[in-house]
Amino acid sequence: MKTNGSATISPRSIREMGKPVKQLAHVRLEDLPPLPPPYDKLEEAPGFRELTETARATYESSLDDTIAVSLPKPATPEEEKALVEAFFNGLEKLFTRENNWTFLEPLTLSMEHCARCHTCSQDCPVFVMSGENEVYRPSFRAEVLRRLYFKHVKKGTRLFSLFENGGIESNWTTISRLMELAYRCTLCRRCAQSCPIGVDNGLITHELRKIFSMEMGIAPKELHEKGTVQQLRVGSSTGMNPIAIKDNVDFIDEDMTDRTGIKVESKWDVEGAEILLIHNAGEYLAWPENPGAFALMLDAAGISWTLSSDLVAYDGVNYGLFYDDAQLARVAARHLEVAKKLKVRKIVMGECGHEHKALGVIADRVFNNTIPRESAMTLMEEIVFSGRLELDPARNDFPVTLHDPCNITRAMGIVEPQRRVLRAIAPQFREMEPHGTRNYCCGGGSGFAIMSGHNFQDWRMHISGRMKMKQILEAFDDTDLESNEVKKYVCAPCSNCKGQIRDLLDFYGAREKSGIYYGGLVELIVNAMTVVKEPFLDWDMM
């Protein structure tokens with residue numbers, strides 16, 4: 001990747017956010033912290049494609065080396081002025097109870113009480129693994145919004161306002177860069193854990209995304225048009241309608257039956273079932289062995305369960321969590337409505353991190369009288385230790401490590417159930433460091449795992465996913481990473497995390513070079529079931 005010479009600056013102060021330069025910040029591959037051997041040789045590292053001149057000319061792209069949102073540049077000064085006005089209208093609404101009652105209090109506290117100590121910086125994998133590029137410092141984007149807040153919302157006296165806002169420019173250059181910068185954070189909220197006074201830079205970033213979406217109609221198409229809008233219209237973010245999802249599940253059932261010799265038959269729309277199981281629909285297309293394994297396990301354990309063929313209810317995806325409260329509420333409402341219609345005892349959230357947070361946490365802020373919800377992690381733990389399955393840990397006698405999805409562990413505190421399962425069924429289980437609530441994001445959080453426009457995938461492979469790749473390699477450093485003879489398994493019980501880890505392993509060639517594979521937790525359980533005569537895990541298909 002080339003530098004842009006005098007057209008690029010390394011921002012020394014937040015005032016430079018509004019400066020009219022071609023590109024505010026630049027990352028060089030040689031500045032990135034090296035990965036562990038044998039992935040430490042810069043000359044063998046995959047490249048970082050440059051943005052095309054057409055992309056730069058067409059879309060707002062003056063922040064750094066990539067584009068996430070793909071917002072066309074305003075065609076006229078009038079259009080630019082209208083966008084600036086819309087942003088500040090949204091900023092004012094963000095701090096009113098009638099427009100943001102769900103998050104107003106923690107947002108205001110985070111906006112007004114930062115000590116500027118930067119304790120959070122070293123907890124941010126994007127900042128650290130970018131070579132400590134200033135624009136990726138978690139407090140940088142928060143401080144830009146904070147200064148705009150004190151300039152336009154909580155103004156105070158003229159002298160006080162100037163002191164608080166530092167003379168930041170309220171122009172389209174600042175705002176368009178802030179828009180892109182809102183999508184250089186995975187919303188993992190690790191920084192919030194380290195703040196001595198509880199400032200939540202992840203929340204600030206989330207609320208910033210809301211301004212762009214809910215007031216200005218600006219969001220990445222992968223999250224909005226192809227995400228929540230398609231899900232509400234068609235039934236799934238994947239584009240599958242009820243007929244397509246049933247056809248896919250029929251095929252999965254047949255394949256599972258052929259592979260295991262055990263009759264697998266998924267249940268649809270069973271009224272009064274104990275469990276309504278809602279998977280991330282991406283599993284059906286990308287990892288069909290996951291919903292297939294759930295069906296086999298639940299039947300073997302004698303549990304009454306069902307899927308729903310109603311629109312939206314067969315897809316646990318809720319990308320509204322990442323950018324738009326209204327879209328989140330629309331999707332979550334549908335999930336809860338169908339569960340009540342079927343009169344199930346509870347919803348079980350499948351192996352999907354953001355489904356857990358959207359349906360298991362945020363839904364309680366929005367709705368009253370919600371139906372009980374349970375994580376698949378605790379359900380699998382209960383099944384494994386109930387004695388209802390005969391399990392042979394020797395069938396999983398290969399190196400296994402666990403990736404902790406941020407929305408399951410950090411956001412919800414579900415840490416031990418999945419570990420107790422792995423300790424029981426995987427003799428060579430080893431932890432990543434750090435782990436649990438101090439885990440590092442996979443780098444695909446907040447929607448990044450499905451965003452690959454322009455060269456954004458290169459950015460998330462080299463920068464946002466770099467810390468996770470480092471952790472994976474270090475977890476298996478007692479094996480020969482220059483050989484693929486010993487198969488190694490990254491257990492990632494989250495669909496979006498699996499997508500990101502798949503891309504990381506492909507990008508760095510880690511399957512071919514080091515024999516590193518990935519999958520969910522339920523697959524390991526089924527692989528250990530003695531009634532499954534052949535190994536359930538098929539390394540050649542993974």
Side-chain angles (χ1 to χ4, degrees), residues 221-257 263-299 303-321 326-352 354-356 358-360 363 367 370-371 373-374 376 450 495-496 498-499 520 522:
K221 67 179 184 296
E222 295 93 339
L223 300 184
H224 190 62
E225 290 95 335
K226 294 183 177 181
T228 58
V229 171
Q230 178 164 258
Q231 184 175 10
L232 290 164
R233 185 184 70 250
V234 178
S236 169
S237 58
T238 63
M240 287 189 293
N241 61 25
I243 295 174
I245 186 67
K246 283 192 164 185
D247 284 346
N248 270 275
V249 172
D250 284 347
F251 176 81
I252 293 169
D253 287 349
E254 291 174 9
D255 181 63
M256 289 291 297
T257 300
K263 177 67 174 177
V264 176
E265 187 173 358
S266 294
K267 318 298 187 294
W268 288 103
D269 305 313
V270 179
E271 189 171 312
E274 179 183 357
I275 286 171
L276 169 61
L277 178 60
I278 306 180
H279 292 293
N280 179 318
E283 299 282 358
Y284 296 112
L285 298 180
W287 304 285
E289 63 278 3
N290 184 275
F294 266 102
L296 193 156
M297 177 189 70
L298 291 172
D299 281 350
I303 292 174
S304 167
W305 67 283
T306 188
L307 303 171
S308 171
S309 63
D310 277 25
L311 288 182
V312 181
Y314 51 84
D315 187 357
V317 164
N318 193 338
Y319 293 142
L321 177 73
Q327 292 295 88
L328 178 148
R330 292 181 181 109
V331 173
R334 189 66 183 140
H335 289 150
L336 296 170
E337 176 188 338
V338 170
K340 291 178 180 179
K341 170 187 167 184
L342 288 173
K343 300 182 177 65
V344 297
R345 190 167 70 83
K346 61 185 174 183
I347 295 172
V348 167
M349 302 168 289
E351 293 191 10
C352 175
H354 83 267
E355 176 189 352
H356 274 67
L359 194 54
F367 304 105
T370 53
I371 192 167
R373 287 134 292 150
E374 181 180 359
I450 59 166
S495 297
N496 280 13
K498 283 193 294 192
V522 70

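Here the structure is a predicted model, which is why all the values come from computation and not from measurement.
H354 contributes a side-chain N or O that, together with a main-chain N or O of N318, makes up a donor-acceptor pair within less than 3.5 Å. Side chain of Q231 to backbone of V317: a donor-acceptor contact under 3.5 angstrom is found. When atom types are taken as modelled, the side chain of R373 and the backbone of M349 share no donor-acceptor pair closer than 3.5 angstrom.
To the nearest 0.5 Å, atom CZ of residue R345 and atom CD1 of residue I371 are 10.0 Å apart.
Minimum interatomic distance between S309 and D269 (heavy atoms only, all atoms of both residues): OG-OD2, 2.6 Å. The two residues L307 and L277 come nearest to each other via the heavy atoms CD2-O, 3.3 Å. Here the shortest heavy-atom pairing between F367 and A333 reads CZ-CB, 3.5 Å. Residues G292 and I252 approach most closely at CA-CG2, 3.8 Å, considering heavy atoms. Minimum interatomic distance between L311 and R334 (heavy atoms only, all atoms of both residues): O-NE, 3.1 Å. The nearest pair of heavy atoms linking N248 to Y284 is OD1-O, 4.3 Å.
A salt bridge links K267 and D299; the closest N-O separation between the charged side-chain nitrogens and carboxylate oxygens is under 4.0 Å.
A heavy-atom distance below 4.5 Å is found between the side chains of V249 and W268.
The only option from L232, V312, T228 that meets the side-chain contact (heavy atoms from CB on, under 4.5 Å) definition with R330 turns out to be L232.
D315 and S237 share a donor-acceptor pair across their side chains, judged by distance under 3.5 Å alone.
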